[in-house]
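Atoms considered below: every heavy atom in the structure, side chains included; atoms not considered: hydrogens, waters and symmetry mates. Reminder, nothing fancy here: chain letters follow the sequence lines and each chain counts from 1.
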Amino acid sequence: MPAPKFITNKPRVIYWFRTDLRLHDSPALRAALDLNPECLYPIWTWDPHYVYHARVGPNRWQYLIDCQNDLSSRITALNPKSRLLVLREGPETILPKLWKEWRISHIVFEKDTDAYGRERDEKIERLAKEAGVKVVSIAGRTLWDSDDVVERNGGKATMTLAQLQTAGKKLGEIARPIPPPETLPNLGELILGFAHTQPIAALDLNASHRSEADKSYETIAGPNGDLGPPTLEELGIRPATTRHRGGETVALEQMNKILADKTYTATFQKPNTAPTAFEPQATTLLSPHHHFGSLSIRQFYWGIVDVVEEFNKSGKGKASVPPTSLIGQLEFRDMYFGAHAKLGYSFSQTIGNPNIRFIPWYLPSVLDDKTGRVISGTYYIDNQEAEVWFQRWKFGRTGFPWIDALMRQLRQEGWIHHLGRHAVASFLTRGGCFVHWERGAEVFEEWLIDHETACNAGNWQWLSCTAFFSQFYRVYSPIAFPKKWDKSGNIVRKYVPELKDYDDKYIYEPWKAPIADQRKWGCMIKDDGSDEFTYPKPMFDFSERREWCLRKMKEAYDVGLHGNDEKVKDGSWRSLFGDELGNKGDVKLMSIGDIDAGDNGAENVVTAVISPGNEDKGTVIGQKRKASKSQGTLDGLVKRIKKS
DNA sequence: AGGTTAGTTGGCAAT
DNA sequence: TATTGCCAACTAACC
């Protein structure tokens, strides 16, 4: 081990912020302060994995930037000489330089939970060891440390709420929140006179969200040279469209408002909250704060427990209990984290995952044979019709107003109600399109401001009846389900404004309205719905598709393969299924990263695949497809999206 | 925390 | 008062 250049008595500490963008109830930050450091550098490193390889739309970028700005000013409020230092370089290259230049003795961070973060942190710990820097990593993102949960669950993934609850009981009471620090140490000297390492050029999964050149890594300290949080402009990302704002200050205000409504908090029952409500929404909307760590999960947990106890003593009634209560919702979150902690990367994919069923969905993922992992940014188009359905679903042009309203709300605002997620997920997978749940999960990853790998993968598995839940005949109707909550379809009028003047009677099924009424209400129902005075006909007969899907689900359950079965990996599963799927023979993969000249002169990176008989047609995910006569509907769709 | 259909039951008012 | 029609509310079976 090389000897440090300078020996000081007091620790010199880097606090590495990642998904814990808060000062309150941070066990890791407390540990850093307990070192009684001579100086504390609060840093953020601009990880190329997140910049290019995670799917992040403008709304989540903005939310992250909100969190960083708020955190920085809260740090400065405690110490005017301190702030959040945003370094435009990946952690694996910059941290060793900082340790050396800033004479760091300790690096402290909250233990990460997702597969990528944990793999990255292992590398960082090895590098730190080599450099003689001590690493302090403390769990703080979940009710219990998920690795402890797995251990107390017999070393297995938590696949039911009961398993999580039993493991939790064995682990003892959840820690009470730690108050925020009252002071923070000064920064050390900001020496940045070292070479700036650029990330290795890679596939940019967020290219479709950029309107300008990406300047993420132009300088180490940002355009103002002050290590301040970036702007969307610096990232070349289009403006955000959501009204939801991030940051610890907003998070605490929002939480306190909820807890102040004691009846709401104590009697909350998720299935009784309206998915059609949007302003205000029926649930807490705290999930994005928990995702970025701008709100501690234990702070909210204990806030609820205290309100529930008081409510039960008050004689006003009986508080709700898990699984439907607010506490139950937090437990579900920990259950998914427990499964993800055990299974790692394989939790968020079918192939190689022993815990999930194999169902022969359309548009399956492509596997990297070397790593056994799904290749992000690509998938097989094994059925052209399903690809059209998928694109129409993604951009809210299915012709089912309830589904389209939700998908447009998701794209615009980055958040939809949990039961709305049920509705669109059921529709895309087992109750409509029969498209792979991994395609849906990728769209949610791109557009949700509260995207959390464990919860997203888990919920898609649940809703597609791939794991956690198996009653596949419980299909959500795009008409009957929203009618139960809102007969007049206000959510449709808001997000599908071309239908705003339709009578209540037809708001969820406008194709049934007489032509004269369609004319009167200013919106004709036409096949492609390609101008602003038209809306598309439903892209299929729903009950027909529902029956077809039920047959296929039953078949898949009878065949009984799971993600880790050899037959799933080698493709021989096909011999066990009937030939009704319509995907004939093998599909072929184009080279990922090939450059494809787009119609508008732009160069697009090919990230998807071709199907037999269509060898000359590549696909660019999230961008315009190359012209294809067989996809008139899709071209109309693209035109419509560009206009909106 | 799904939806449909067919069948039953019970209240109510018209005849 | 008995019969009839109507319908809302409920249940069971099925997908």
Side-chain angles (χ1 to χ4, degrees), chain A residues 158-165 264 267-277 281-285 287 320-336 339 357 359 398 400-403 406 410 415-434 437 440-441 444 450 455-487 489 491 507-509 512 538 540-559 578 580:
Chain A
T158 40
M159 298 300 287
T160 66
L161 203 58
Q163 288 170 357
L164 183 273
Q165 288 163 339
Y264 175 87
T267 62
F268 183 97
Q269 287 185 281
K270 188 62 148 288
N272 296 348
T273 59
T276 48
Q281 74 289 338
T283 50
T284 68
L285 228 159
S287 50
S320 53
V321 291
T324 57
S325 65
L326 278 177
I327 294 294
Q329 305 307 300
L330 301 190
E331 289 175 351
F332 272 124
R333 184 174 176 276
D334 260 50
M335 175 188 77
Y336 287 139
R357 289 176 189 279
I359 294 157
T398 66
F400 294 95
W402 164 240
I403 300 298
L406 289 166
L410 173 60
W415 182 91
I416 55 177
H417 185 282
H418 183 70
L419 296 183
R421 300 181 198 199
H422 281 216
V424 298
S426 160
F427 185 92
L428 181 70
T429 59
R430 65 185 168 81
C433 309
F434 213 68
W437 64 269
F444 274 28
D450 63 12
C455 301
N456 192 43
N459 276 326
W460 273 95
Q461 288 167 32
W462 183 300
L463 262 301
S464 61
C465 293
T466 294
F468 298 101
F469 183 72
S470 57
Q471 286 166 295
F472 53 76
Y473 46 82
R474 291 193 187 171
V475 176
Y476 289 82
S477 155
I479 296 131
F481 184 69
K483 262 191 193 166
K484 276 196 306 201
W485 299 99
D486 181 7
K487 286 207 184 335
I491 195 168
I507 194 69
Y508 295 117
E509 39 192 348
K512 288 189 177 168
F540 46 56
D541 180 307
F542 181 75
S543 61
E544 214 173 82
R545 285 302 304 165
R546 179 183 164 278
E547 276 173 34
W548 189 92
C549 286
L550 283 177
R551 277 203 308 280
K552 299 313 291 180
M553 290 300 289
K554 188 172 183 321
E555 184 182 23
Y557 268 60
D558 287 345
V559 169
E580 210 190 346

Exercise for review: Scan residues 470-482 of chain A for pairs that pass salt bridge (Lys or Arg N to Asp or Glu O under 4.0 Å), counting only residues two or more places apart or in two chains.
Suggested key: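 Checked against salt bridge (Lys or Arg N to Asp or Glu O under 4.0 Å) - neighbours excluded - no pair reaches residues 470-482 of chain A.
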
**Study point:** Inter- and intrachain pairs under salt bridge (Lys or Arg N to Asp or Glu O under 4.0 Å), touching residues 416-430 of chain A, at least two apart
**Key:**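 Those involving residues 416-430 of chain A are Arg421(A)-Asp450(A).
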
Exercise for review: Go through the structure and list residues passing ring pair (Phe, Tyr, Trp, His ring centres under 6.0 Å) with Phe542(A), not counting sequence neighbours.
Suggested key: none

Check your understanding: How would you list, by chain and number, every residue that makes a ring pair (Phe, Tyr, Trp, His ring centres under 6.0 Å) with Tyr508(A), sequence neighbours excluded?
Key ->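 Applying ring pair (Phe, Tyr, Trp, His ring centres under 6.0 Å) to Tyr508(A) gives none.
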
Excluding sequence neighbours, so at least two apart, what forms side-chain contact (heavy atoms from CB on, under 4.5 Å) with [X]?
X	result
Lys554(A)	Phe472(A), Asp558(A)
Lys512(A)	Tyr506(A), Glu509(A)
Thr324(A)	Gln269(A), Pro271(A)
Ala480(A)	Ser477(A)

Across the strands shown, which category fits [X] at heavy-atom distances under 4.0 angstrom: base, sugar-phosphate, nothing?
X	result
Phe332(A)	base
Lys484(A)	sugar-phosphate
Gln269(A)	nothing

Check your understanding: For the rings on Phe427(A) and Trp402(A), is their centre-to-centre separation under 6.0 Å?
Key -> no

Practice item. Kindly write out the residues that satisfy side chain to side chain donor-acceptor pair (under 3.5 Å) with Glu544(A), not counting sequence neighbours, or none if the list is empty. Key: none

Point to revise | Terminal helix-axis angle for the helix from dG2(B)-dC15(C) to dT15(B)-dA2(C), with five pairs defining each axis and rounding to 10 degrees | key: 0°

Dump the pairs, protein N or O against N or O of nucleotides 13-15 of chain C, anything under 3.5 Å, distances to one decimal.
from    : atom 1 : to        : atom 2 : distance (Å)
dC15(C) : O2     : Arg546(A) : NH2    : 3.0

Practice item. Taking heavy atoms of chain A and a 4.0 Å limit, find me the 5'-most and 3'-most nucleotide of DNA chain B within that range. Key: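 On DNA chain B, the outermost contacted nucleotides are dA1(B) to dT4(B).
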
